[in-house]
Amino acid sequence: MSSLENEARTFRYSLSQRRVFRNFDPNLRSQEKSVEYVRALNAAKLDKLRFEDQFRKLMKLLLLFFFFLYSKIFARPFVGAMDGHIDAVSCMAKNPNHLKGIFSGSMDGDIRLWDLANRRTVCQFPGHQGAVRGLTVSTDGRVLVSCGTDSTVRLWNVPIPSLMESSDNEAKPLAVYVWKNAFWAVDHQWDGDLFATAGAQVDIWNHNRSQPVNSFEWGKDTAISVRFNPGEPNILATSASDRSITIYDLRLSSPARKIIMRANEDCNCYSYDARKLDEARCVHKDHVSAVMDIDYSPTGREFVTGSYDRTVRIFQYNGGHSREIYHTKRMQRVFCVKFSSDASYVISGSDDTNLRLWKAKASEQLGVLLPRERKNHEYLEAVKNRYKHLPEVKRIVRHRHLPKAIYKAASLRRIMTEAERKKDERRRAHSAPGSMPREPLRKRRILKEVE
Amino acid sequence: MGVKAANVGRINTIPFAEQGVSDEEELKVKKYLRGEAADLGVLQDKKLKGQLAVREALYGKSAQAAAKAEKWLMPSEGGYLEAEGIEKTWRIKQEAIAGEVDILSTRKQFDIVLPGSDLISYVDMSQMCMCIGSASLISLSGARSIHSGFYFEWSIYGSSWEKRSFGTCGHENMDLVKEFQVRETVRDVVFLHDQKLLAAAQKKYVYMYNENGTEMHCLKEHGAATKLQFLHKHFLLTSINKLGQLHFQDITTGQMIGNFERFRRSDVMQVNPFNNVVTVGHSGGTVSMWKPTSAAPLVKMLCHKGPVIALAFHSNGHLMATAGMERKIKLWDLRKFEVLQTLPGHATTMDFSQKGLLATATGSFVQILGDLSGSHEYSRYMGHSMAKGYQIRNMSFRPYEDVLAIGHSMGWSSILIPGSGEPNFDTWVANPFETRKQRNEKEPTRRKEKLSKQEREAEQEAAVEGAKNIPLKKKTKGRSKPSKVAKKKQEAVAKAKKPFLEQQTEDKEMSKKKRKRIGEENQLPKSLQRFARKVPTT
């Protein structure tokens with residue numbers, strides 16, 4: 001005889017806590033799919049509603065009844081702006097050892113260290129005469145390397161963050177190395193002592209030498225950017241103004257491999273597997289103007305891009321389209337972006353002399369979450385992902401407001417690509433079957449690969 | 001005879017370290033899997049295939065984990081009745097059962113004599129209230145309070161055909177909570193989404209009352225309803241009335257979602273708990289199934305040679321029991337719409353329990369049938385006969401307990417049926433130990449998860465999409481200028497939308513007309529009311 005009045009079962013641990021019984025039998029639940037679908041729809045609509053705790057309960061009741069509009073106006077990705085530079089921000093660097101700090105260099109030679117939590121300048125590094133083109137920090141976090149159009153490379157001591165943060169400290173450089181041509185970019189080797197600069201040729205420097213240790217060149221074109229491979233400390237890649245990407249190995253005396261692309265600044269991002277360069281792994285299309293900077297998230301699953309069209313977009317590592325777009329009226333051309341080392345924030349530096357701090361997930365609730373809150377967020381996320389392919393939910397999840405200029409530019413690009421595609425189809429339809437092979441976009445954009 | 005008493009969970013000594021799934025667990029895993037896995041071989045898209053394969057693997061794992069966790073999560077085992085030797089289970093009387101079970105269970109067997117009582121209905125699973133028809137009193141009784149005294153459960157008993165009052169009564173303490181007179185016949189009574197609201201089908205209209213007995217609304221559109229049902233997930237109050245109309249009203253907005261007029265007066269209406277489809281039984285032996293979104297019945301089945309007397313649904317939605325006037329009880333499989341079993345017998349009322357036992361009642365005799373051998377063949381399990389002269393009107397199994405409540409012409413009783421209730425409840429589905437705070441917090445969540453009538457909007461969207469995709473013929477001599485083509489497309493879209501908009505305005509007009517007519521009827525003084533329009537103008 002099953003009986004509900006069993007004392008043991010109703011035992012309460014405390015007045016506020018009651019024991020919870022679970023029975024996962026599907027027979028007890030009727031219409032679970034429909035209820036889950038409605039929950040997914042509500043989760044998508046409520047997605048951007050994440051207020052501070054004090055307002056939460058109040059707003060929840062109100063919004064339950066007002067909220068069935070197709071608006072996600074409560075998305076709040078923008079956290080704050082860091083004001084201080086007097087010219088456009090041209091480059092940024094993350095400190096691998098210190099989460100809260102970020103370095104930024106501007107077009108007038110001013111380098112600053114920012115505290116992201118307070119959004120204030122901790123320290124300034126004056127010295128460069130022209131624009132600062134590249135910034136990088138050594139892996140142990142002690143030395144900051146900067147290079148600029150005044151053909152100098154400067155090394156600075158990174159100040160240890162102390163409890164008494166005094167603003168506007170000025171630091172003295174460790175070393176200044178002058179060289180022949182202006183520099184375009186700099187990157188530090190992981191777990192090593194070398195750093196590479198990009199300019200008329202690619203130079204490898206050591207901290208202690210005032211001249212480059214090694215120099216690489218392939219053709220007479222300037223190298224515009226350079227990056228070391230975090231996994232393989234001896235491999236680096238550069239991109240040059242002849243639309244090529246070159247991979248160098250420090251152990252060899254000459255460059256390893258080079259691919260030449262078809263177009264420069266065609267607003268797309270291309271992901272390659274470094275072992276197989278003849279085909280892009282994925283083409284990420286969504287920007288309408290040149291992409292200025294890219295940074296991967298520490299999880300490796302996403303990356304953020306900043307482009308000349310005044311927007312910042314976040315893509316999945318294998319996603320053809322962006323999952324998120326951030327824009328503000330006040331943010332002009334974005335020159336540099338960084339993903340914070342805890343994968344929660346994105347920092348963008350732009351033409352309007354400000355650095356902006358954004359949330360990586362626009363609807364995330366910041367701060368410490370109660371375990372129940374966290375579970376609820378996870379559940380809503382999961383139920384939304386389960387039904388996100390259905391038309392109603394998909395429409396709400398995908399919806400983003402775009403500035404008018406970008407919307408128009410994007411539709412124009414769409415019309416142009418559609419027209420090209422249609423013409424291609426017609427040519428194919430009117431020619432002998434098989435005479436026009438289809439080439440995927442990932443291959444089409446590569447001109448050739450050279451050893 | 002073996003009757004098991006309430007079981008305090010025994011601790012298992014076998015360690016929970018088995019990797020694989022044993023045979024008994026296989027069955028359980030099947031239960032949690034909710035159907036077969038999808039066939040991914042037909043997909044061309046590799047990315048989608050990979051993602052779906054990962055998901056299917058996850059489903060399998062979660063079903064296995066649920067099956068394994070069952071022995072820890074389910075503290076109670078179900079009750080059962082076993083006959084030893086030549087004993088038969090259906091000969092065992094309630095007094096004999098009372099001797100074998102614990103005191104708390106014996107308290108659940110009782111008889112309350114209130115002449116003229118009729119109906120029984122429960123609030124939703126978690127509240128477990130009882131609604132009984134009583135002849136002369138409308139009383140709301142405070143119900144069982146567990147030692148904490150935190151909350152009340154309510155039961156109400158409504159009135160019979162002749163008498164005119166309402167009542168609710170608690171089934172543990174049997175305290176009368178509230179009692180009020182309505183002074184007219186009450187045909188049916190049902191609790192709405194929780195025990196705070198109840199709807200009563202009275203002589204002319206349907207009224208909604210508060211737990212305190214205050215009349216909240218008078219729902220005139222329903223008219224003289226004979227049967228009421230509440231769809232919990234949709235918050236819809238359904239009624240069939242004397243004129244053969246079926247009404248669906250959304251009680252959160254007050255809007256009449258659908259009304260259909262297709263049949264003669266019928267008294268038999270049930271809701272399929274699995275998919276919330278309203279089923280009506282007709283005097284021609286047919287059973288029709290309705291949803292508020294379509295004007296025609298979804299399904300019409302010819303079930304019996306005579307009128308359909310009673311209907312009942314199993315909680316899994318596959319099994320339907322119908323009783324006809326020709327003294328046959330048929331069990332139908334609703335997936336194939338085939339008869340599974342025909343049983344002889346007359347049944348004025350039937351009800352399925354959570355575990356699948358079917359209780360049928362005629363006159364003063366209750367028979368409980370069960371699927372004992374597991375082969376989907378129902379056979380006699382138990383029986384109970386009340387005092388001769390008691391006419392059983394309605395029955396209801398108590399959820400999560402092994403109790404059957406019977407409403408008859410002289411009051412209501414409750415008997416023990418071991419093995420009828422699901423022994424383990426889920427707090428998030430239905431919590432019988434709810435506090436007032438939990439109940440209040442549940443309400444906005446339930447309201448947020450209300451299933452609304454999305455199908456019609458989806459249909460409209462689909463029609464508009466279709467209209468947009470019609471390829472237009474290319475005409476020469478300047479007749480397919482871009483401006484003209486765009487205009488044609490717009491016209492096509494407007495044309496596709498027209499029937500839906502028309503139907504909306506029609507509904508609005510219909511309800512306006514009805515309101516006017518009903519208002520007119522009310523305004524006339526009593527002596528002239530016989531001249532008011534009686535024939536429905538539709």
Side-chain angles (χ1 to χ4, degrees), chain A residues 1-12 15-43 45-46 57 60-65 67-68 282 316 318-320 376 379 382-383 385-386 388-393 395, chain B residues 3-9 31-32 34 47 66 69-70 73-79 97 101-102 104-105 146-148 232-233 273-276 315-317 354 400-402 416 418-419 421-433 435 438 444 447-452 454 458 461:
Chain A
M1 197 69 188
S2 76
S3 161
L4 281 177
E5 276 95 8
N6 196 335
E7 270 300 324
R9 301 177 66 191
T10 62
F11 175 73
R12 305 198 306 277
L15 221 64
S16 59
Q17 276 187 328
R18 296 214 149 227
R19 188 171 166 189
V20 168
F21 296 92
R22 300 305 312 263
N23 183 351
F24 295 116
D25 194 353
N27 286 333
L28 289 180
R29 298 159 168 83
S30 69
Q31 294 199 288
E32 14 174 32
K33 271 222 172 105
S34 313
V35 173
E36 272 193 354
Y37 173 75
V38 174
R39 281 190 196 149
L41 207 58
N42 290 341
K45 291 175 188 170
L46 282 173
K57 279 175 192 167
K60 212 172 191 175
L61 275 175
L62 283 176
L63 285 153
L64 280 173
F65 295 97
F67 213 101
F68 296 100
C282 191
Q316 302 280 5
N318 59 357
N376 189 30
Y379 173 75
V383 85
N385 284 335
R386 188 182 263 204
K388 71 170 179 235
H389 57 280
L390 293 177
E392 279 275 332
V393 185
R395 194 180 127 191
Chain B
V3 175
K4 201 155 73 89
N7 189 24
V8 185
K31 176 174 74 167
Y32 290 112
R34 295 166 167 85
K47 205 168 170 183
E70 241 189 41
L73 284 181
M74 318 276 217
S76 306
E77 292 178 13
I97 295 177
V101 292
D102 57 318
L104 288 172
S105 304
I146 303 231
H147 308 258
S148 54
H232 286 271
K233 294 266 158 41
F274 182 69
N275 52 14
N276 279 327
S315 56
N316 66 8
Q354 275 183 319
Y400 303 108
E401 297 212 34
D402 290 345
L416 293 180
E422 170 69 50
N424 299 298
F425 61 90
D426 189 324
T427 317
W428 303 121
V429 171
N431 187 1
F433 302 119
T435 59
Q438 285 174 338
R447 167 67 184 84
K448 197 166 65 155
E449 292 172 5
K450 176 183 92 156
L451 304 173
S452 55
Q454 289 148 330
E461 265 191 44

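Every value quoted in this text rests on a predicted model; they were computed, and no experiment measured them. Residue numbers begin at 1 in each chain, while the letters A, B, ... track the order of the sequences.
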Side-chain donor/acceptor of Asn424(B) to backbone N/O of Asn23(A), under 3.5 Å: no
Under a 3.5 Å distance rule, please check whether Lys448(B) uses its side chain to pair with a backbone N or O of Asn42(A) as donor and acceptor. no
Can you tell me how far CD of Gln31(A) sits from CG of Asn276(B), rounded to the nearest 0.5 angstrom?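 Atom-to-atom, Asn276(B):CG and Gln31(A):CD are 4.0 Å apart.
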Just wondering, are more than 12 heavy atoms of other shown residues or ligands nearer than 6.0 Å to CZ in Phe274(B)?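 No, the 6.0 Å shell around CZ holds no more than 12 heavy atoms from other groups.
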So which atom in Ser30(A) and which in Pro273(B) form the shortest heavy-atom distance, rounded to 0.1 Å? CB-O, 2.9 Å
For Phe21(A) and Thr427(B), work out which heavy atoms get closest and say how close.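 Scanning both residues, the minimum pair turns out to be N-OG1, 2.6 Å.
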Would you please test Arg22(A) and Trp428(B) for side-chain contact (heavy atoms from CB on, under 4.5 Å) and show each step? CA-CA 8 Å; Arg22(A) 300 305 312 263; Trp428(B) 303 121; 3.2 Å; yes
Of the backbone (N, CA, C, O) and the side chain (C-beta and beyond), which part of Arg29(A) lies under 4.5 Å from a heavy atom of chain B, both, or neither? side chain
Could you look at Glu36(A) and say if it's the side chain, the backbone, both or neither that has a heavy atom under 4.5 Å from chain B?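 For Glu36(A), no heavy atom lies under 4.5 Å from chain B.
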Go through the atoms of [X] and report whether side chain, backbone, both or neither lie under 4.5 Å from a heavy atom of chain A.
X         : answer
Gln438(B) : side chain
Lys47(B)  : side chain
Lys233(B) : side chain

Among the listed options Arg34(B), Lys450(B), Lys31(B), Met74(B), the residue most often paired with chain A at heavy-atom distances under 4.5 Å: Arg34(B)
As an exercise: rank Ser34(A), Pro26(A), Pro391(A) by heavy-atom pairs under 4.5 Å with chain B and give me the winner. Pro26(A)
State whether a side-chain donor-acceptor pair under 3.5 Å links Asn27(A) with Glu422(B).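 On atom types as modelled, these side chains do not qualify, holding no pair under 3.5 Å.
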